[in-house]
2 protein chains.
Amino acid sequence: MAILGFLRDFPLHGYDLKNRVAALAGHVRPIADGTLYPTIKKLEDAGCLTRRTAPGSVAAPRHMLEITQDGTDQLRRWLRNPEPVFITDDNKWYVLLAFLHHLENAREQSIVLARRREFLDQPTQLFFDEHGRPIPADQLDSPFRKGLMQIHRSFNLGEIDWLDSQIAELDRRAGYTVRQRTGD
Amino acid sequence: MAILGFLRDFPLHGYDLKNRVAALAGHVRPIADGTLYPTIKKLEDAGCLTRRTAPGSVAAPRHMLEITQDGTDQLRRWLRNPEPVFITDDNKWYVLLAFLHHLENAREQSIVLARRREFLDQPTQLFFDEHGRPIPADQLDSPFRKGLMQIHRSFNLGEIDWLDSQIAELDRRAGYTVRQRTGD
DNA sequence: GTACTCTACCTCGGAGTCGATATATATTCT
DNA sequence: AGAATATATATCGACTCCGAGGTAGAGTAC
């Protein structure tokens, strides 16, 4: 998704892609060569991108990669209907968010944000005692677990606020569109 | 790490472990049977845990798992000297944090928190233009990328605050210990 | 009575990822 | 001259993990 998402903005070569993915997921983990190049090949075989050999600006020749219409369609399918783990795994969710603007329909964007919003709404209970009873944050012995729950909670609330404002804005825009269309 | 970390508190059976890991990493992803049971077996073969068959409270018989001294040692090694990805990957870091109290030495705990703190201190630049120039948050076209950077920044600042206060507290405690020792 | 659900364990195949290794070119440092 | 570093691409074996499937006991709904 990150490869096609970056290529949707402008053509890039593998090495550049690697650095951009590493920066985006930088706080997560850089992508390994052994992952990147086979994935590029797979996407090429699937017709999602084409390559043109160009002289390297500094050293060895580059393979400039360009996204195709099929690639754009594939990217939009992934964004429009993301697998559950892209909603629940923070790392994957942030990668998705970085490319969500490639879904051009505000309504579709709003639906994806709403899925994340719904997920964050679920009460999270992280720790339990011997008998399976939930332990509230203030009764935890470990200051690390206390901090973990506290940080987790405040972070969730912050993201929920942001999601709500974004969803409202997107729905307002989509609403205008619908009204304009139905107003014909 | 999560398996040994939970067993360090009290013995559990596989099914219970699965639910606890799912709750801890609940906002991430639940652990699959195909991951859990082979991992339990691997830890058993490595002498990190022992199992005792007990009648199931409701249905099939359970395998109650208990951590051994070797298992405790292994857990402490993982916590004391975590691989880089446990510092940089949020998901893994939070799992580590949930069990850091099993490192009983305040100095050692503090060193691990300091590694995370140092990592968070690095300026994060997520997006670049065609020419590789960094794009500041306020110049991004996508509201999702803007939100991503904004949330990321505020979250980092929050965690840094917490880390600083924890490190100070731990060092204060470790300092007392050293002073008492050297004062003999 | 029988279908469904929850508990509880286990295995196998496949997908994805990493890390090591290899190949080359150009620049910079010593 | 030689070494180190950065650019740039590619492959291979090993490892991890998931998902689908299987086994089984006990309770619950219809």
Side-chain angles (χ1 to χ4, degrees), chain A residues 1-4 6-7 11-23 25 28-46 48-65 78 83-89 91-92 95 128 131-132, chain B residues 1-3 6-7 11-23 25-26 28-46 49-65 78 83-86 88-89 91-92 95 128 131-132:
Chain A
M1 184 193 288
I3 291 171
L4 293 184
F6 276 124
L7 290 180
L12 290 166
H13 53 98
Y15 192 76
D16 200 352
L17 261 174
K18 189 177 117 180
N19 292 331
R20 281 167 198 268
V21 173
V28 178
R29 80 172 72 174
I31 189 172
D33 281 1
T35 306
L36 178 67
Y37 289 104
T39 306
I40 289 173
K41 197 165 195 181
K42 222 175 104 185
L43 288 170
E44 192 190 9
D45 291 346
C48 290
L49 58 85
T50 54
R51 73 172 80 196
R52 251 181 336 105
T53 301
S57 68
V58 180
R62 300 162 164 176
H63 295 186
M64 292 304 289
L65 307 171
W78 281 334
E83 283 170 40
V85 75
F86 273 84
I87 302 296
T88 59
D89 183 321
N91 294 340
K92 288 180 193 283
V95 171
F128 302 86
H131 312 292
Chain B
M1 184 193 288
I3 291 172
F6 276 124
L7 290 180
L12 291 165
H13 54 98
Y15 193 77
D16 200 350
L17 260 174
K18 188 177 116 180
N19 292 331
R20 281 167 197 268
V21 174
V28 179
R29 80 173 73 174
I31 189 172
D33 281 2
T35 306
L36 178 67
Y37 289 105
T39 306
I40 289 173
K41 198 166 196 181
K42 223 176 102 184
L43 288 170
E44 192 189 10
D45 291 346
L49 59 83
T50 55
R51 74 172 79 197
R52 252 179 335 105
T53 301
S57 68
V58 180
R62 300 162 163 177
H63 295 186
M64 292 303 288
L65 308 172
W78 282 333
E83 283 170 41
V85 74
F86 273 85
T88 60
D89 184 320
N91 294 340
K92 288 179 193 282
V95 171
F128 303 86
H131 312 292

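In the text below, chain A, chain B and the rest are named by the order of the sequence lines, each starting its count at 1.
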Between the CG atom in B:N91 and the NZ atom in A:K92, the distance rounded to the nearest 0.5 Å is 9.5 Å
Describe the nucleic acid contact of B:G34 in one word from base, sugar-phosphate, nothing, applying a heavy-atom distance below 4.0 Å.
base
Whole angstroms only, please: what is the CG-P distance between B:D89 and D:dT16?
17 Å
A:T35 side chain N/O closer than 4.0 Å to the phosphate oxygens (OP1, OP2) of C:dC18?
yes
Between A:R62 (CZ) and C:dA26 (P), how many Å, whole number?
13 Å
Options C:dG19, D:dA6, D:dA10, nucleotide nearest the side-chain atoms of A:Y15
D:dA6
Heavy-atom check, side chain of B:L65 versus side chain of B:R52, under 4.5 Å:
no
Taking for each residue the nucleotide of DNA chain D bearing the nearest heavy atom, is the 5' side occupied by B:K42 or by B:D33?
B:K42
Separation of B:I31 atom CD1 from C:dC9 atom P, in whole Å?
13 Å
Rounded to the nearest angstrom, tell me the gap between atom CZ in A:R51 and atom C1' in D:dT9.
9 Å
Output for pair (B:D16 CG, B:R62 CZ), nearest 0.5 Å, gives 7.0 Å
Value in whole Å for how far the C1' atom of D:dA8 lies from NE2 of A:H13:
8 Å
Heavy atoms under 4.0 Å, any strand shown: does A:K41 hit a base, just sugar-phosphate, or nothing?
sugar-phosphate
In whole angstrom, give the distance that lies between atom CG of A:L36 and atom P of C:dT17.
11 Å
Could you check if a side-chain atom of A:E44 sits within less than 4.5 angstrom of a side-chain atom of A:T50, using non-hydrogen atoms only?
no
Under 4.0 Å between any heavy atoms, over every strand shown, what does B:P61 touch: base, sugar-phosphate, or nothing? Just pick one.
sugar-phosphate
Any side-chain heavy atom of B:V21 sitting closer than 4.5 Å to one from B:I31?
yes
Rounded distance in Å - OH (A:Y37) to P (D:dC12)
16 Å
Value in whole Å for how far the C1' atom of C:dC9 lies from CE of B:M64
15 Å
